[in-house]
Amino acid sequence: DTAVSQTPKYLVTQMGNDKSIKCEQNLGHDTMYWYKQDSKKFLKIMFSYNNKELIINETVPNRFSPKSPDKAHLNLHINSLELGDSAVYFCASSRVSAVSGELFFGEGSRLTVL
Amino acid sequence: QKEVEQNSGPLSVPEGAIASLNCTYSDRGSQSFFWYRQYSGKSPELIMFIYSNGDKEDGRFTAQLNKASQYVSLLIRDSQPSDSATYLCAVRTSGSRLTFGEGTQLTVNP
């Protein structure tokens, strides 16, 4: 069973379109994240939710809107896509109270904006 | 100053050698430290975490933490070609925030 699963794995779309990425975790974790990884492999946090509550909201254009319907799901909607949005988007989850608090990552969703 | 800095590399070592990966961080209040490995086209996976000063060993991997110097390193002994990947240092600064460095690309040559 996949612990953190994201869909779709690949998106290719035109500038100006709107797209969504879905994420689900079956680890029973209380915190979920969206990270963006650019072409240079730099992983940058975008958002974090703890038990459906937004706790981290980095300087991200408001075209990006996360939604957490429950603590096992965290979706990302992107409006008016731009070329610079092309990247791999990783969903992750963790149990913050655990000693390690390590992140478990999904397989990533590669977004290409043409 | 970046919150987490790594030598971007690339780092190239011969098979069987020791690979040494370094990371510094800026927030003295940082609580725990992680090394992730990421193969090309894959997601990051945790290799080790450390939160106390000193060394922590797991098989061929040793993480070293020096909070006074704000420095954390990863040593890979008897490097194998399968160790070729990008290694990401990550630091938990507060609460649930995990900040990553830019990664060091390691190549182990047979």
Side-chain angles (χ1 to χ4, degrees), chain A residues 2-6 9-10 21 23 25 27 29-59 68 71 74 87-110 112, chain B residues 1-11 21 23 25 27 29-52 56 58 61 63 65 72 74 84-107:
Chain A
T2 304
V4 182
S5 59
Q6 303 178 220
K9 289 188 171 44
Y10 299 95
I21 308 171
C23 179
Q25 56 97 2
L27 297 167
H29 289 165
D30 51 14
T31 305
M32 295 185 73
Y33 309 77
W34 279 112
Y35 278 83
K36 178 181 180 181
Q37 188 171 46
D38 60 25
S39 57
K40 294 185 179 178
K41 295 284 197 176
F42 183 44
L43 260 175
K44 189 171 161 74
I45 191 166
M46 301 173 70
F47 304 102
S48 175
Y49 274 75
N50 179 271
N51 286 321
K52 301 193 298 176
E53 183 182 341
L54 180 66
I55 55 172
I56 295 175
N57 186 355
E58 290 296 288
T59 308
S68 181
K71 72 175 191 176
L74 179 61
V88 181
Y89 292 84
F90 284 101
C91 176
S93 71
S94 71
R95 181 175 288 123
V96 176
S97 58
V99 171
S100 70
E102 68 179 277
L103 296 185
F104 291 79
F105 285 89
E107 293 184 342
S109 298
R110 181 176 294 276
T112 303
Chain B
Q1 183 185 6
K2 293 179 184 173
E3 290 183 71
V4 180
E5 287 205 60
Q6 296 181 244
N7 292 337
S8 59
L11 175 65
L21 303 158
C23 175
Y25 59 95
D27 186 345
S30 298
Q31 300 157 359
S32 47
F33 309 85
F34 304 80
W35 283 101
Y36 281 80
R37 177 177 61 200
Q38 186 176 23
Y39 292 113
S40 181
K42 301 293 185 183
S43 57
E45 55 179 341
L46 182 73
I47 299 175
M48 294 191 73
F49 75 93
I50 186 169
Y51 51 86
S52 299
K56 179 180 179 183
D58 183 1
F61 298 95
L65 174 61
V72 58
L74 179 71
S84 299
T86 296
Y87 289 80
L88 302 166
C89 172
V91 175
R92 183 176 301 285
T93 50
S94 61
S96 60
R97 180 184 297 273
L98 202 65
T99 301
F100 285 82
E102 294 189 7
T104 299
Q105 186 179 339
L106 171 67
T107 300

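Because the structure is a prediction, the values reported are computed rather than measured. When reading the values below, keep in mind they use all heavy atoms of this one structure, side chains included, and skip hydrogens, waters and symmetry mates. Each chain gets a letter, A, B and so on, in the order its sequence line appears, and its residues count up from 1.
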>> Please identify, among B:Arg97, B:Gln105, B:Lys42, the residue contributing the most non-hydrogen atom pairs under 4.5 Å to chain A.
In response: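 Most heavy-atom pairs under 4.5 Å with chain A: B:Arg97.
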With only heavy atoms counted, which part of [X] is less than 4.5 Å from chain B, the side chain, the backbone, both or neither?
X: A:Glu58; value: side chain
X: A:Phe105; value: both
X: A:Lys40; value: backbone

>> Using 0.5 Å steps for rounding, measure from the CD atom of A:Glu102 to the CG atom of B:Leu46.
In response: 4.5 Å
>> If we define contacts as heavy-atom pairs under 4.5 Å, which of A:Ile56, A:Val88, A:Thr31 has the most with chain B?
In response: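 Ranked by heavy-atom pairs under 4.5 Å with chain B, first place is A:Ile56.
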>> If you define the side chain from C-beta out and look only at heavy atoms, does anything of B:Phe34 sit under 4.5 Å from A:Leu103?
In response: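 Answer no - side chains too far apart.
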>> If the condition is ring pair (Phe, Tyr, Trp, His ring centres under 6.0 Å), which residues does B:Phe33 pass it with, not counting sequence neighbours?
In response: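 Partners of B:Phe33 by the ring pair (Phe, Tyr, Trp, His ring centres under 6.0 Å) criterion, ordered by chain and then number, come out as B:Tyr25.
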>> More than 12 heavy atoms of other residues, nucleotides or ligands under 6.0 Å from CD of B:Glu5: yes or no?
In response: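 Yes.
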> Can you say whether B:Gln38 sits under 4.5 Å from chain A via the side chain, the backbone, both, or neither, judging by heavy atoms?
Replying inline: side chain
>> What part of B:Leu88 gets within 4.5 angstrom of chain A, counting heavy atoms only: side chain, backbone, both, or neither?
In response: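 The answer is the side chain of B:Leu88.
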Smallest separation among heavy atoms of [X] and [Y], with atom names:
X: A:Gly106; Y: B:Ser43; value: O-CB, 3.0 Å
X: A:Tyr33; Y: B:Arg92; value: OH-NH1, 4.4 Å
X: A:Phe42; Y: B:Glu102; value: CD1-CG, 3.6 Å

> Within residues 43-53 of chain A, which positions have a heavy-atom distance to chain B below 4.5 Å?
Replying inline: A:Leu43, A:Ile45, A:Ser48
